> 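Once you've had a glance at the structure underneath, I'll fire off some questions.
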Amino acid sequence: MKVSLFATCLTNAFYPEVDLTMAKILKHLGHTVDVPEGQVCCGQIAFNSGYVDDAREVARTLIDSFERSEVVVGPSGSCIAMIHHYYPTLFEKEPVYLKKAEDLIHKSYEFTQFVVDVLNKPDLGAHYKAKATYHPSCHATRLLGIGEAPLKLLQHVKGLELLPLPEAQLCCGFGGTFSVKMPKISEAMVAEKAEHVLTSGADILLGLDMGCLMNISGYLEKINKPVKTMHIIQLLGEGMKS
Amino acid sequence: MTMYNLTTDQRVDKALADNFLRQATRRATDRLRNNKYKASDELGNWEEWRNAGETIRKHVIANLDFYLQQLIEQMEKRGVHVHLAKTPADAVGIVRNIVREHDAKSVLKSKSMISEEIHLNHALEEDGAAVVETDLGEYIIQIAGEPPSHIIVPAMHKTRQQVADLFEPIAGHALSSDTPTLTRFVRIQMREQFLRGDIGITGCNFAVANTGSIVMVTNEGNGRMVSTLPRVQITLMGMERIVPSFRELDIMLNLLARSATGQRLSSYTTILTPPKKSADSDGPEEYHLVILDHNRSEILGDKLFRTALNCIRCGACFNVCPVYRQLGGHAYGSVYSGPIGSVITPLLEKDWKKWGHLPYFSSLCGACTEGCPVRIPLHDLLVKLRMRKTQSGHTPQVEQQIFKAYRYLFTREKTLRRALRLGAHLQRPFVRNHRITGGPAPLSNWTKSRTLPMVAPKPFMQIWADLNNKR
Amino acid sequence: MTNTTEFINHLASKLGRPTPTETPPPVEISVPQYRLSNTEERASIFLQNWQALGGKGAIVKSDNDMLQCLKEWFGDLPVTWFKDNPQALIAWDMLPSIAESAFSTLNWPLTRYTQSSLDPRDRYSIAAHAELGITGSDLGIALSGTIVMNSDPLRGRAVSLLPPRHLAFIETTKIRNNLFEVLEEISALGTPPAAIEMISGPSRTSDIEMDLSIGVHGPIEVYVVVTDN
């Protein structure tokens, strides 16, 4: 299969290794990988702040860049959820782009969803000895309905002990611009999330959205409780090296 | 100083500094949420019940004019006085007149969010009537002079000691703060009131259009007292609170009791088809129904927000909301708090200056939408409210500029690469141990409580391009 | 004050169409409803659920059962009550005959609420000072442990509300599976009575620190006798 990567704005700028590793894993599974030029961002940050017109132009750029792709895979439940959940409303008055948006919706997947549900490859042969816990990001869970896929991938990692995260369903308080617009509320939320991560007894916190992980790890670091945080892709990548 | 005089920021600070409040909020919402899960699981297929609930509510709202007309006809046919109020002031005026006409000295109230919405008590008290809130939680906050902090558990934020202290001047002596003592005190205290109340004011959970009935649920029995004993009863209802017939009522009562407190049915579910028959020994002889619009008709006409009228006021969204969990209700500043309060308050009150903060009291995690028994897309509605506020020019200039810049850069990948390279340089003064630990506003809002990773020396798009040019 | 036509027309204009002249076709509802197989099972599940809510309950099959049951629950209490208050037991005008005969055998005289005074406030006061309110019930709901009572000139709504204890009688055959069946049955009767009271257990509140407390306003103790002929 020819897979186009959607390198989300956050990983592109802050965590390029996540995108690179995703490319490696997909290649390892025997697929051709490309990264269409011109892609930047799903537009969620503006959309969720109410700047719909700005969001629409950013979304249009993304749609255009993947127009010729067969399949689009991204390392974020939130960005993919933005496409699936909101693009139809964003382009409801533009039939041409509405059609293109729907094409993109039909061919785009969050990484774990793609590997497990589409490729049916829950076992990537990874080894990683650690105690880890997993934060189910809100948009992946509630908007995309991703439940089992990431867990299946993790259950197949040899040596990995997966510990339950108390109150896992609670949002970490990131919420994109929410974290800077309502910083105190956001801090209270991430403080509680951090508390649960610490009581889980895990050495590593895993997730499938760098936004949430950036938030939680940033807080843990500030309070000097640096629990390692990793995207599932990073853990798989490390585990597949051995 | 009451919370009404504080700014949003001050209210948030106050809430976050109140450890009891935060613990109590966690405890109450955890309990209610878990009870709800038990009660919804046992129904077999909760999703089908939600579907039914959503379908019924949508149907009612799409035919609201018909059903309201039918309700009014049924009521008037039997001699109920129906009053239609466009505004809160109209509604207050109507109730005030009824109270004056009867020269009522004692007005008993069972829980009514509408009465909170229109700020009724104060007006009646000005006229010299003693107004008694009879729901225990409402009674506590009435004495404290505070708005409800949770739609189902209004005095959730009060410690038992605070409650005992509030009761002390009424009792004339100190009360022990154990629950049985406090409850017994209220029972005795309130009994007197019930037996000599002149007018009863109740809320309305549902109004049945084809029979002209009012349905009320309570656990304490105060709703029954208020609708049985006084000679005159006034029921306040929001105009959307309708079901077509008993058939739909079954679904709605199940959804309400199970979602609100995890009960199969509330302790008391009362279906009133007033007024009393002439030979009946109990029940009000004179019955007034006040139906409030207060911009609900504007919401009805606004397709983007119409689903907000589907709400059945169960409070389930409060109990799953991670923002409400941290703050409790008072930080919102509004009568209706929690996710649904953040949605309807700006729509009902139409004042961005006063209520413009509410749509941002959400991380958009979607838990409210997932928890809603009638599937109101609450977090989507919050985004749409932000859109309305933005489009009507009520957001800060700086914010508008930031998103203009965002639009410019995030539609030009190559330019963004150069900007990121610049960022990688500019971040240096703020970097400690490979993390960004400070910066200018609004970045500082993040770095006050969190560090930020460094902007990578090369963005992924550049790395990928370089890799592929080499080959 | 707005007139009805104006108010309704305003809504119609917001909905962008004239107000329908006929009742809109009802929505289709399909939910899995709770059902039990027979009367016996309904009675026993009803009782279980009633008890789980904090009520006392028993199934009685004979006059003797009934006497035993009432004696067990109330013992000599009524005798003590009568010393201070001859109107300690307040009841509907008519109770099921098995109940009526039990009270006369026990020699526990019943005060009939509707006849207790001509002045409603006096009646309320009598009911409020009574020790036990005694009623029948029209229907029951197994799933939620609920008794359902329709208002009626020979009854009085305060009997199940004001005394600290409420005793109700219900026949096994009156117990339905779920709320839907009850509402359907009441609908079939035409105009509903002025009040339909559905009672599921004692008065309760968790308003103080989420701590469950019984009897803040309504009855503190609730009893139901399920009669099985």
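As the structure is a prediction and not an experimental result, all values here were calculated from the model. Reminder, nothing fancy here: chain letters follow the sequence lines and each chain counts from 1.
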> Look at B/Arg196, B/Lys158, B/Gln70 and state which one has the largest set of heavy-atom pairs under 4.5 Å with chain C.
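Answer, by heavy-atom pair count under 4.5 Å with chain C: B/Arg196.
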> Given 3.5 Å as the limit, does a donor-acceptor pair link the side chain of B/Arg31 with the main chain of C/Met210, or not?
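Looks like yes, one N/O pair under 3.5 Å.
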> For B/Phe194, is it the side chain, the backbone, both, or neither that has a heavy atom closer than 4.5 Å to a heavy atom of chain C?
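Interface part for B/Phe194: side chain.
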> Do C/Leu15 and B/Leu300 come close enough that some side-chain heavy atom pair is under 4.5 Å?
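SC-SC contact between C/Leu15 and B/Leu300 confirmed.
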> Counting only non-hydrogen atoms closer than 4.5 Å, does C/Arg123 touch chain B with its backbone (N, CA, C, O), its side chain (CB onward), both, or neither?
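The answer is the side chain of C/Arg123.
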> Do C/Tyr113 and B/Asp282 have a side chain donor and acceptor closer than 3.5 Å?
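The criterion, which ignores hydrogens and geometry beyond distance, is satisfied for B/Asp282 and C/Tyr113.
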> Is there side-chain contact between C/Phe7 and B/Ser297, with at least one heavy-atom pair below 4.5 Å?
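A side-chain contact under 4.5 Å is absent here.
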> Given side chains that start at C-beta, do those of B/His59 and C/Pro24 come closer than 4.5 Å, heavy atoms only?
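They are in contact (side-chain heavy atoms under 4.5 Å apart), so the answer is yes.
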> Do C/Pro192 and B/Ile271 have side chains that get closer than 4.5 Å, going by heavy atoms?
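The answer is no; the side chains never approach within 4.5 Å.
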> Please name the residue in the list B/Asn254, B/Leu249, B/Thr269 that meets the side chain to side chain contact (heavy atoms under 4.5 Å, CB included) test with C/Leu179.
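By the side chain to side chain contact (heavy atoms under 4.5 Å, CB included) criterion, C/Leu179 pairs with just one of B/Asn254, B/Leu249, B/Thr269: B/Asn254.
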> Heavy-atom pairs under 4.5 Å with chain C are the metric here; pick the option from B/Pro180, B/Ala155, B/Ala62, B/Gly44 that has the most.
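Of the candidates given, the most pairs with chain C belong to B/Ala62.
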> Would you mind checking which part of B/Ala91 comes under 4.5 Å of any heavy atom in chain C, side chain (CB onward), backbone (N, CA, C, O), both or neither?
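Contact with chain C involves no heavy atom of B/Ala91 at all.
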> Which atoms of C/Leu53 are under 4.5 Å from chain B, going by heavy atoms: the side chain, the backbone, both sets, or neither?
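Neither part.
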> With a 4.5 Å heavy-atom cut-off, do B/Arg224 and C/Ser160 have their side chains touching?
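They are in contact (side-chain heavy atoms under 4.5 Å apart), so the answer is yes.
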> Between C/Ser30 and chain B, with a heavy-atom cut-off of 4.5 Å, which part of the residue counts as in contact: side chain, backbone, both or neither?
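For C/Ser30, backbone and side chain are both near chain B.
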> Going by an N to O cut-off under 4.0 Å, is there a salt bridge joining B/Arg247 and C/Glu184?
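Result for this pair is no, no salt bridge flagged.
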> With a 4.5 angstrom heavy-atom cut-off, is it the side chain or the backbone of B/Ser245 that approaches chain C, or both, or neither?
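The answer is neither part of B/Ser245.
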> Can a salt bridge be assigned to the pair C/Arg121 and B/Asp198 using a cut-off of 4.0 Å between side-chain N and carboxylate O?
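Result for this pair is yes, salt bridge flagged.
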> Which atoms of B/Gln263 come close to chain C, meaning under 4.5 Å heavy atom to heavy atom: side chain ones, backbone ones, both, or neither?
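Looking at B/Gln263, just its side chain touches chain C.
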> Which region of B/Ser227, side chain (C-beta onward) or backbone (N, CA, C, O), has a non-hydrogen atom less than 4.5 Å from a non-hydrogen atom of chain C, or is it both or neither?
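B/Ser227 touches chain C through backbone and side-chain heavy atoms alike.
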> With a 4.5 angstrom heavy-atom cut-off, which part of C/Pro202 approaches chain B: side chain, backbone, both or neither?
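Contact with chain B is through the backbone of C/Pro202 alone.
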> Not counting sequence neighbours, which residues clear salt bridge (Lys or Arg N to Asp or Glu O under 4.0 Å) with C/Arg112? List them please.
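Partners of C/Arg112 under the salt bridge (Lys or Arg N to Asp or Glu O under 4.0 Å) test: C/Glu100.
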> With a 4.5 Å cut-off on side-chain heavy atoms, are C/His217 and B/Asp135 touching?
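Answer no - side chains too far apart.
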> Tell me, side chain or backbone of B/Ile72 under 4.5 Å from chain C's heavy atoms, or both, or neither?
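Contact with chain C: side chain only.
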> Is it the backbone or the side chain of B/Glu42 that comes under 4.5 Å from a heavy atom of chain C, or both, or neither?
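Just its side chain gets close to chain C.
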> Out of B/Met156, B/Arg27, B/Lys303, which one racks up the most heavy-atom pairs below 4.5 Å with chain C?
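Highest number of pairs under 4.5 Å: B/Arg27.
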> Does the side chain of C/Leu154 reach to within under 4.5 Å of the side chain of B/Ser281, using non-hydrogen atoms?
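The answer is no; the side chains never approach within 4.5 Å.
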> Select one option (side chain, backbone, both, neither) describing which atoms of B/Met239 are under 4.5 Å from chain C's heavy atoms.
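Contact with chain C involves the side chain of B/Met239 alone.
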> Which one of C/Pro120, C/Ala158, C/Ser206, C/Gly16 has the most heavy-atom pairs closer than 4.5 Å to chain B?
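So the answer, after comparing C/Pro120, C/Ala158, C/Ser206, C/Gly16, is C/Ala158.
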> Given heavy-atom pairs under 4.5 angstrom as the criterion, report whether the side chain, backbone, both or neither of C/Phe180 touches chain B.
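It is both, since atoms from each part get that close.
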> Please state whether the side chain, the backbone, both or neither of B/Tyr67 comes within less than 4.5 Å of a heavy atom of chain C.
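Side chain of B/Tyr67 only, per the 4.5 Å heavy-atom cut-off to chain C.
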> Scan side-chain atoms only and decide if C/Glu197 and B/Thr270 contain a donor-acceptor pair under the 3.5 Å cut-off.
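Judged by distance alone, the side chains do pair up.
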> When you compare the side chain of C/Asp152 with that of B/Lys277, does any pair of heavy atoms fall below 4.5 Å?
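No - every pair of side-chain heavy atoms lies 4.5 Å or more apart.
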> Please determine if C/Lys14 and B/Asp65 form a salt bridge, counting it only when a charged side-chain N lies under 4.0 Å from a carboxylate O.
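A salt bridge is absent here (no side-chain N lies under 4.0 Å from a carboxylate O).
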> Using non-hydrogen atoms only, which part of B/Arg258 is less than 4.5 Å away from chain C: side chain, backbone, both, or neither?
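Just its side chain gets close to chain C.
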> Go through the atoms of B/Met190 and report whether side chain, backbone, both or neither lie under 4.5 Å from a heavy atom of chain C.
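Side chain only.
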> Go through the atoms of C/Thr23 and report whether side chain, backbone, both or neither lie under 4.5 Å from a heavy atom of chain B.
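Interface part for C/Thr23: both.
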> Evaluate C/Ile220 against B/Arg184 for side-chain contact (heavy atoms from CB on, under 4.5 Å), listing each step before the verdict.
CA-CA 10 Å; C/Ile220 302 161; B/Arg184 198 168 51 241; over 6 Å; no
> So for B/Ala28, is it side chain, backbone, both, or neither that comes closer than 4.5 Å to the heavy atoms of chain C?
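For B/Ala28, the contact with chain C is made by backbone and side chain together.
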> For B/Arg160, enumerate each residue passing the salt bridge (Lys or Arg N to Asp or Glu O under 4.0 Å) test, keeping only those at least two apart in sequence or located in another chain.
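If we apply the salt bridge (Lys or Arg N to Asp or Glu O under 4.0 Å) test to B/Arg160, skipping adjacent residues, the hits are C/Glu209, C/Asp211.
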> Would you mind checking which part of C/Pro164 comes under 4.5 Å of any heavy atom in chain B, side chain (CB onward), backbone (N, CA, C, O), both or neither?
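Both parts, backbone and side chain.
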> I'd like to know which of B/Val217, B/Val163, B/Leu253, B/Ile251 tops the heavy-atom pair count under 4.5 Å against chain C.
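Top count of heavy-atom pairs under 4.5 Å with chain C: B/Ile251.
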